[in-house]
Amino acid sequence: MKLLRLVASMALVLAARTAAGGPDTQWFRDAKFGIFMHWGLYSQLGNEWNGKSYYGSGEWLMNRAKIPADQYARIAEAFNPTNFHAEEWARLVKDSGARYLVITAKHHEGFAMFGSKASPFNIVDATPYHHDPMKDLASACRRDGLRFGFYYSQFLDWHEPNGGGNTWDFRKQAKNYQTYYADKSIPQIKELLSNYGPLDIIWFDMPGGLNRDETLAFMEDVRRLQPGCLISSRVGHDLGDFRDFGDSELPPHTTDGPWEALFTHNDSWGYARNDLDFKTPREIVRLLASIAARGGNLILNVGPDGTGRIPELSQRYLRDVGQWLRLYGDSIYGTTQSPMPDQPWGVATLKTNRLYLHVFERPRNGLLIVPQFEAAPLSATLVANGQKLPAARNGEDLTVTLPPELPDNRDTVVAVDFKGSLPDAWNTAPEIISRQFDSIMVDAAKARVTGRATISSITSSRYFGNWKHDVCAQNMRAPGDHAEFSCRFLEPGDYRIALEYACPSADKAREGGIEIGGQSLAFETLLTGEATAHDPLLFVRHNIGIVTVHAPETISVSIHPKNDGAELFRLRRLIFEPCN
Ligand code: JFZ
């Protein structure tokens with residue numbers, strides 16, 4: 001009897017552990033690159049309504065133009081995506097080198113892009129298309145060996161009186177969110193988890209209306225149907241199987257996974273006819289490498305239009321990224337975070353005993369310095385053509401000699417095989433300042449702060465919904481509140497020092513100083529403008545002065561206010577320019 005009870009309680013403990021442990025995330029950690037698609041009725045509008053163009057997040061048009069729900073619903077009557085071909089979409093994702101696709105099954109507008117018994121407001125029942133594109137897409141992705149997931153807006157639903165967010169048609173006080181969850185959200189999520197084969201991700205967004213316990217119960221509903229399906233952190237209350245950063249947010253530090261940074265290809269998530277501000281293949285490749293260096297994934301969004309056509313530039317640039325990944329994919333897929341912070345020449349990724357150097361800028365003398373390289377180098381190889389490069393330990397550095405021209409102007413990859421291990425020096429390595437580059441930027445996120453000074457991210461937006469995140473050194477109000485940087489100058493000479501900061505009128509004309517070695521520079525802050533969440537945060541580049549460095553050495557650079565008073569500024573970065 002006692003034994004039985006013991007066995008029973010052990011079984012309980014085991015069961016609890018599996019539940020708490022959650023599904024296996026290894027595929028996700030290894031994937032590094034995913035494609036996001038925002039597709040819905042808003043795709044038909046393309047960010048235009050009643051002859052007026054809107055700029056920014058097109059999938060928010062219903063909310064921005066306060067379109068009445070019944071009028072908005074009539075867009076479905078003309079929604080007929082005859083250019084949608086699941087195999088072509090899946091093939092494009094495959095060709096981009098991405099390993100997974102997440103698509104909006106229902107966004108905040110409330111329209112289901114899949115056949116649903118839970119609500120007639122869906123693509124099969126409410127459009128002339130009369131067909132479920134998600135069925136085709138799920139199987140096309142699976143055929144191509146891609147992981148597949150649905151985005152589902154679990155709380156915001158502007159079509160429903162009880163859904164979150166629509167207060168222009170429906171009174172907020174009259175809303176019953178529990179009714180919304182019970183009648184539409186949960187039934188539709190169950191449909192998605194039951195009718196489309198095994199899902200790899202369910203990507204929730206913009207949580208609301210549930211407390212922590214209710215969210216856990218909500219997650220249990222998902223687990224019961226598909227225990228292997230990963231749940232995004234935007235399910236709410238810091239829960240979920242992987243973490244999503246803010247939109248267009250590149251975390252400044254390495255972060256233990258699994259996590260994802262999300263960016264959209266232009267300035268909108270949903271299709272916007274007037275938005276041609278696309279990131280180039282080179283920008284995407286560098287973003288991907290920089291995120292991998294921090295230990296995470298990039299999920300990059302594209303917005304197909306209402307006919308099912310993916311913008312031409314998105315198609316072309318994604319294929320270019322895929323072409324780069326076919327050559328250099330080993331330096332991205334399955335890698336882990338870099339042992340060193342971003343370097344003036346680029347970033348690094350790691351795969352057990354191989355360090356991949358992602359070279360964005362060639363040092364003028366061709367000598368690439370890999371700092372704090374405490375392992376024994378075995379070889380350095382240019383991945384593009386297999387050419388061996390001279391590589392030698394030089395004190396604590398590894399020096400790799402690059403060819404006169406970099407073979408890939410997007411990101412030239414050098415693979416360094418080594419024996420031993422590379423300790424994590426991301427937070428301890430000094431910033432390298434070198435005359436081999438035109439200018440060197442040191443982000444404020446790398447500062448050590450003293451006194452009341454803090455480092456934190458400021459969120460602001462460009463166009464509507466086009467969020468930006470600037471990590472700044474802040475709250476420097478007294479002479480003891482410092483932002484300090486440890487800078488290792490590789491060569492002696494004169495260096496111009498500039499600061500990049502935002503300064504609202506309350507902080508205007510504050511006096512500050514920079515101490516560097518035995519030298520000091522004085523300055524008075526320049527006005528940039530007020531900081532509000534819905535406007536861009538403006539930064540000024542302020543040249544402070546020139547210092548002379550007499551020998552290669554590591555020097556502390558310290559910035560502080562001269563007197564007590566208002567905040568000095570919001571410091572985003574320090575810039576060094578060798579003077580010629
Ligand atoms: C949400 C949506 O509202 C938007 O339309 C789009 O789908 C995007 C991917 O996600 O917007 C958010 C959600 C969370 C943050 C910012 C924008 N956030 O946490 O910074």
Side-chain angles (χ1 to χ4, degrees), residues 34-47 54-65 67 72 100-113 149-159 163-167 185 201-210 215 231-240 242-252 255 259-272 275 279 287 291 296-304 314 456-471 533-534 536-537:
I35 295 291
F36 212 164
M37 288 189 187
H38 277 62
W39 197 38
L41 295 181
Y42 47 80
S43 312
Q44 180 101 336
L45 303 179
N47 230 0
Y54 292 76
Y55 296 82
S57 283
E59 73 286 359
W60 274 75
L61 187 57
M62 178 181 178
N63 179 302
R64 287 181 80 189
I67 305 173
Y72 191 88
Y100 59 105
L101 171 65
V102 176
I103 185 161
T104 50
K106 189 207 81 174
H107 203 266
H108 310 333
E109 64 178 0
F111 184 68
M113 292 294 283
F150 286 123
Y151 169 111
Y152 188 88
S153 174
Q154 75 274 29
F155 169 66
L156 289 185
D157 191 318
W158 303 326
H159 182 71
N166 183 341
T167 49
S185 186
I201 293 178
I202 181 121
W203 215 101
F204 295 118
D205 193 14
M206 303 288 280
L210 299 181
T215 304
I231 298 174
S232 69
S233 61
R234 290 187 183 174
V235 70
H237 299 282
D238 286 326
L239 297 165
F242 61 88
R243 174 172 174 201
D244 273 296
F245 281 87
D247 301 10
S248 304
E249 181 171 23
L250 176 68
T255 306
W259 61 269
E260 205 177 48
L262 49 146
F263 284 77
T264 186
H265 196 185
N266 49 4
D267 291 328
S268 174
W269 299 84
Y271 174 70
D275 184 351
K279 290 166 189 66
L287 185 61
I291 293 167
N297 294 0
L298 166 64
I299 184 164
L300 180 71
N301 177 76
V302 298
S314 286
S456 59
S457 168
I458 304 174
T459 298
S460 62
S461 82
R462 297 278 178 94
Y463 289 144
F464 178 95
N466 188 213
W467 298 105
K468 300 291 167 209
H469 310 267
D470 293 290
V471 176
H534 292 284
L537 187 61

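First listed ligand is number 1; within each ligand, the first listed atom is number 1. Source: prediction; values computed, not measured.
- In this structure a side-chain-to-backbone donor-acceptor pair under 3.5 Å is missing from N297 to E260.
- A ring-centre distance under 6.0 Å is not found for H159 and F111.
- Listed by number with element, the atoms of ligand 1 under 4.0 angstrom from any heavy atom of W60 are 2 (C), 3 (O), 4 (C), 5 (O).
- Residue contacts with ligand 1: R234 is placed with a nitrogen or oxygen under 3.5 Å of a nitrogen or oxygen of the ligand (distance criterion only).
- Side chain to side chain, Y55 and D267 fail the donor-acceptor criterion of an N or O pair below 3.5 Å.
- For ligand 1, the atoms sitting less than 4.0 Å from at least one non-hydrogen atom of G246 are 18 (N), 20 (O), numbered in the order shown with element in parentheses.
- Proximity of a side-chain donor or acceptor of D275 to a complementary backbone N or O of S268 within less than 3.5 Å is detected.
- Proximity annotation for atom 4 (C) of ligand 1: of E249, E59, H38, E59 comes nearest, heavy atoms only.
- For the pair R462 and D247, the salt-bridge criterion is not met [side-chain N within less than 4.0 Å of a carboxylate O].
- For T215 against V235, the heavy-atom pair with the smallest separation is CG2-O, 3.6 Å.
- An N or O contact shorter than 3.5 Å links H107 to ligand 1 by distance.
- The closest approach between any non-hydrogen atom of Y151 and ligand 1 is below 4.0 Å.
- Taking every heavy atom of D205 and a limit of under 4.0 angstrom, the matching atoms of ligand 1 come to 1 (C), 2 (C), 7 (O), 8 (C), 10 (O), 13 (C).
- Aromatic ring centroids of F36 and W203 lie under 6.0 Å apart.
- Scanning the protein heavy atoms around atom 17 (C) of ligand 1, the nearest turns out to be D247 OD2, 2.9 Å.
- Residue-to-ligand polar distances place H108 within reach of ligand 1: an N/O pair is separated by less than 3.5 Å.
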